[in-house]
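Notes follow once the structure below has been shown.
Starting from 1, each residue takes its place in the sequence as its number. Indexing begins at 1, ligand by ligand and atom by atom, following the structure's order. Values reported hereafter were calculated over all heavy atoms of this structure, with side chains retained and with hydrogens, waters and symmetry mates removed.
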Amino acid sequence: MSAAYPASRPRRLRRTPALRALTREHRLSTDDLIWPVFVCEGDGVTQEVPSMPGVIRRSVDLTAEAAAEAHGMGIRAICLFPYTDPSLKSDDCAEAWNPDNLSNRATRAIKRAVPEIAVMTDIALDPYNAQGHDGIVRDGVIVNDESVVALVKMAMAQAEAGADILGPSDMMDGRIGAIRSALEAAGRSDVTIMSYAAKYASAFYGPFRDAVGASGALRGDKKTYQLDFANSDEGLRCVARDLDEGADMVMVKPGLPYLDLCRRVKDTFAVPTYAYQVSGEYAMIRAAAGNGWIDGERAMMESLMAFRRAGCDGVLTYFAPEAASLIRAGWE
Ligand code: PBG
């Protein structure tokens, strides 16, 4: 393939920035970034998330402003996560399909302010569930089919509010097919589904659960529906299943510890593939950088490029605005 040393000296191509740029295999663009944001009640309100330095919750008005800024920086999609008041949580999770819940109000406000940006929403019951789980709990069991009925109602309310991309993150069986049929029946064949297809039961979600106020309610773990992190074939089967049921795009989650899955998914299915660099991954980089132990900017860009190298078409990352401004400044 290549000559032996000394005819071959790979260092020749690394000698100057020009030669390195000419031979660079992957690039990171603002088109690759999806920005997850946390929304809270109020007007003109921001709240810090202590376990995610640099990340804030914003009220609906400020979320729409932030979306406009993101669009101005070239970011194509924003993904909404509501911080739900504990008084709105119940065992039947009815707030999830309230047309005027926080997430749906934020979707409408963003679509009014900046229609060009794609709005992605999250479909799972945990922000609305007094039990803290992604599905409905009966006698300590997370029941599948009843949860799917609820998730479909939630999805339809989000589509009605104007969401461009529905993101089922609940890991119940059969939810993609059920949501896809309901969309068809309602004449909404235009709505895209990005399935959280290979989503693992992970310790890296900890800071997120603080950000959406779900840690208090959750008892136990999510291992009866999220995947066992020892399994990768099972992740592929879940991706196959979700594509079969009508997902347009698929996601692997968490991100960096699961790059092997990203690569297998892309190679096996050749479909639009995304990864979620989750809250705990963000927190680790931020914390180390905050302590002066690593260069935060360089670690951020290196971690984002890793997703491109592993075959991802894009990445959900809390770093999106920061990465976008570096990309626009011509970062190398
Ligand atoms: C809700 C959901 C979670 C995340 C996204 N959607 C948490 C969970 O499954 O417990 C995690 C995102 C992150 O950690 O950044 N189902």
Go through the steps for Asp126 and Lys222 under the test salt bridge (Lys or Arg N to Asp or Glu O under 4.0 Å), then give the verdict. CA-CA 11 Å; Asp126 53 336; Lys222 300 192 175 185; 3.4 Å; yes
Compute the centroid of each ring, for Tyr258 and then for Tyr276, and state whether the two points are separated by less than 6.0 Å. no
Residues 64-71 side chain polar contacts: donor-acceptor under 3.5 Å, at least two apart:
none

All pairs passing salt bridge (Lys or Arg N to Asp or Glu O under 4.0 Å) where residues 43-55 contributes a residue, at least two apart: none
Pocket residues of ligand 1, ordered first by chain and then by residue number (heavy-atom cut-off under 4.0 Å): Phe81, Asp122, Ala124, Asp126, Asp134, Ser169, Lys199, Phe204, Tyr205, Phe208, Arg209, Lys222, Gln226, Lys253, Tyr276, Val278, Ser279, Tyr318
Students often mix this up, so state it plainly: with edges at 30° and 60°, are the rings of His133 and Tyr225 parallel, tilted or perpendicular? perpendicular
Contacts under 3.5 angstrom, residues 151-161 side chains, donor-acceptor by atom type, not counting sequence neighbours:
| unit_1 | atom_1 | unit_2 | atom_2 | d |
| --- | --- | --- | --- | --- |
| Gln158 | OE1 | Thr121 | OG1 | 2.8 |
| Gln158 | NE2 | Asp122 | O | 2.9 |

